[in-house]
Amino acid sequence: MTQAPLCFRQLREDLPLTRRLAYFQTGSYGPTPDSVLKVVAETMAYQSRHGSASPSVTGVLLDQEQRVRRQLADFLGARPEHLAWTSNTSQAMQRVLRSVDWQAGDEIVVSSAEHVSTQDACRSLERYWGVNVKAFPAEEGDDALLSGLEAALTGRARLVCLSQVSTLDGRRLPAREAADLARTQGVPLMLDGAQAVGQFPVNLPALGCDYYIASGHKWLLGPLGVGFLWVSPDRLTEFRPDFIPDASTWLKPGDPSPPVTAALRSELGTHNYALRIGLGRALEIVEALGPGRIERQVQELVQFLFGELETFPSVRIVTPMKPGLAAGLVALELKDLGQTGLRRLIDDLLEQGIVVKYQPERPALRISVAAFNTREEVLRLLNALDTLT
């Protein structure tokens, strides 16, 4: 494991993409460092050359995977038995939804800032199980959000879904307060941490949520195809998303049943060890940089971006500008551009080697400011916006 602190220049050296692009799309897909890709490739080569089905090979890979699970748990202030691997945040969310015994007339309470995959899943619950979807506002400040959540909680609510950081505008939402409010009503809360983990320190028990879902391929800069789900100790017994018995058929008579874990209840079949082990290398990088340092770096760049954008009369900053409220996602509305013009602008930026995202919900331009970005890249983006708009 990396012991010496890293600097952001060293991180950029591990990201060849930064030599040709000003990349502001980490909120969708973080670039994967070469050292992470090397671990993935070496692990897959080891499996292929020595036989994936060999007990000795499987034992080596399983030990490495469990080490990464413990590493991730430590990073999140959690215990490894409460963590399960998934492919991404959306799959983790589906695991949580499937663990609820939905009945017609039940309610799922969802903020208006949730990802499209959560919205789609809610529509499916509504269509196939007769579940009522109740939305509460997330764009009008914390007080309005919490008041709306409280009003939406009734005796039929079975689950609350909330993002820790809004995917729409990058605002940090009052996760702990929402969890406390839901708990007083006896309703579990699932927190979507896709836009949080890797941006700033996250301690899962301190958040007070019942479920936490996230991906490794965004701000953690891990390989695409690995995510995770955390289940609180209070919910682990009732967490049963799949038809998996606690005791395997292969257990001999008289053998003790294994302890209940999130993995035992939700990890199915053959999986890709290499991706999970590669995520361990990405975690080493983040830990060597320091989550606190990453947060400060991102905040400095975001505040610099805000300050410069105030001179752009055609730009409306959707993201809260107050330090502490904004994360690394910044949403901009361009007053003189409609959807077609905004899409054309994003294409023109790409031709200049600047990668940003079209946000269809508003519509808006979404900029992901990550720790590997620089002030020079922000200025490059601003100059291009000034020229193109």
Side-chain angles (χ1 to χ4, degrees), residues 1-46 64 67-68 71-72 74-75 194-202 214-226 274-305 308 327-330 349-357 366-384:
M1 180 178 292
T2 302
Q3 298 295 330
L6 288 178
C7 66
F8 297 111
R9 176 185 55 79
Q10 290 172 301
L11 174 59
R12 288 178 63 83
E13 290 173 354
D14 205 7
L15 292 168
L17 163 147
T18 62
R19 294 165 204 158
R20 62 184 185 85
L21 295 175
Y23 189 80
F24 296 103
Q25 253 279 52
T26 299
S28 295
Y29 306 101
T32 307
D34 273 2
S35 61
V36 174
L37 295 175
K38 180 181 179 182
V39 169
V40 173
E42 288 176 348
T43 303
M44 296 189 78
Y46 172 76
Q64 293 181 6
R67 175 186 61 79
V68 176
Q71 182 186 1
L72 177 61
D74 290 343
F75 182 74
Q195 301 296 348
V197 176
Q199 278 217 63
F200 49 78
V202 172
S215 297
H217 67 264
K218 297 181 185 288
W219 305 92
L220 284 175
L221 307 182
L224 187 65
V226 60
L275 296 179
R276 299 173 184 181
I277 294 168
L279 180 63
R281 171 55 191 158
L283 282 168
E284 290 177 7
I285 294 172
V286 173
E287 290 171 325
L289 289 167
R293 285 178 62 212
I294 290 172
E295 181 180 23
R296 290 190 294 273
Q297 167 82 350
V298 170
Q299 284 299 306
E300 288 177 7
L301 290 173
V302 166
Q303 292 303 316
F304 173 68
L305 175 62
E308 294 297 313
L329 293 180
V330 175
L349 288 171
L350 183 58
E351 288 184 2
Q352 297 190 25
I354 301 169
V355 184
V356 296
K357 176 184 172 62
R366 195 184 78 175
I367 302 164
S368 299
V369 181
F372 60 81
N373 290 125
T374 64
R375 185 170 289 213
E376 289 72 24
E377 287 175 336
V378 173
L379 286 172
R380 180 177 165 188
L381 169 64
L382 290 165
N383 291 333

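Start at 1 with the first residue, then count along the sequence.
Both the sub-6.0 Å distance and the 45° axial angle are not jointly satisfied by Arg366 relative to the ring of Phe24.
Residues Leu329 and Ile367 have side chains not in contact (no heavy-atom distance under 4.5 Å, counting atoms from C-beta outward). For the pair Phe8/Arg293, a side-chain contact is recorded, criterion being any heavy-atom separation below 4.5 Å from C-beta on. Counting heavy atoms from C-beta outward, Thr32 and Leu224 have side chains that stay 4.5 Å or more apart. For the pair Leu11 and Leu15, the minimum side-chain heavy-atom distance is below 4.5 Å. Taking the side chain as every heavy atom from C-beta outward, Val40 and Ile277 never approach each other to under 4.5 Å.
When all heavy atoms are compared, the tightest approach of Leu221 to Val36 is O-CG2, 4.3 Å. Taking both residues in full, the closest heavy atoms of Arg276 and Val68 are given as O-CG1, 3.3 Å, listed atom of the first, atom of the second, then distance. Between Ala194 and Trp219, the shortest heavy-atom contact is O-CD1, 3.6 Å. Nearest heavy-atom pair, Ile354 versus Ala384, reported as atom, atom and distance to 0.1 Å: CD1-CB, 3.7 Å. Looking at every heavy atom in both residues, Val369 comes nearest to Val298 through O-CG1, 3.5 Å. Residue Ala371 comes nearest to Gln297 through the heavy atom pair O-NE2, 3.3 Å, listed as atom of the first residue, atom of the second, then distance.
A donor-acceptor pair under 3.5 Å links the side-chain atoms of Gln199 to the main chain of Gly328, judged by distance alone. When atom types are taken as modelled, the side chain of Glu295 and the backbone of Pro201 share no donor-acceptor pair closer than 3.5 angstrom. Without hydrogens or angle criteria, Arg281 side chain to Lys38 main chain gives no donor-acceptor distance under 3.5 Å. Between the side chain of Asp14 and the backbone N or O of Pro33, no donor-acceptor pair lies under 3.5 Å. Looking at Gln25, its side chain never comes within 3.5 Å of a backbone N or O of Lys357 through a donor-acceptor pair. Not one N or O on the side chain of Glu308 forms a donor-acceptor pair closer than 3.5 Å with the backbone of Phe304. At least one donor-acceptor pair under 3.5 Å links the side chain of Ser368 to the backbone N or O of Gly27. Judged by distance alone, the side chain of Asn373 and the main-chain N or O of Val378 form no donor-acceptor pair under 3.5 Å. Using a distance-only test at 3.5 Å, with no hydrogens or angles considered, a donor-acceptor pair links the side chain of Lys218 to the main chain of Ser28. The backbone N or O of Cys7 lies less than 3.5 Å from a partner atom in the side chain of Gln10, making a donor-acceptor pair.
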- Start with the C-alpha gap between Phe75 and Val197, add the side-chain angles, then the distance that decides, and say whether side chain to side chain contact (heavy atoms under 4.5 Å, CB included) holds. CA-CA 10 Å; Phe75 182 74; Val197 176; 4.1 Å; yes
- Test Val330 against Val302 for side chain to side chain contact (heavy atoms under 4.5 Å, CB included), laying out the working first. CA-CA 8 Å; Val330 175; Val302 166; 4.1 Å; yes
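The CD atom of Glu284 sits 10.0 Å away from atom CG of Leu6, with the distance rounded to the nearest 0.5 Å. How far CZ of Arg67 is from CD of Gln64: 6.5 Å, rounded to the nearest 0.5 Å. In this structure, CZ in Phe372 is found 10.5 Å from CG in Leu301, a value given to the nearest 0.5 Å. Remark: Leu275 CG to Thr43 OG1 distance equals 9.5 Å, nearest 0.5 Å. Within the model, atoms OG1 of Thr18 and OH of Tyr23 stand 12.5 Å from one another, a figure rounded to the nearest 0.5 Å. Atom CG in Leu21 sits 7.5 Å away from atom CG in Leu350 (nearest 0.5 Å).
For Arg9, the side-chain hydrogen bond (donor to acceptor under 3.5 Å, both in side chains) partners two or more places apart in sequence, or in a different chain, are Glu13. Residues passing the ring-ring contact (aromatic ring centres under 6.0 Å, His included) test with Tyr29, sequence neighbours excluded: His217.
Sorted by first and then second residue, the pairs that involve residues 374-384 and meet salt bridge (Lys or Arg N to Asp or Glu O under 4.0 Å), not counting sequence neighbours, are Arg12-Glu377.
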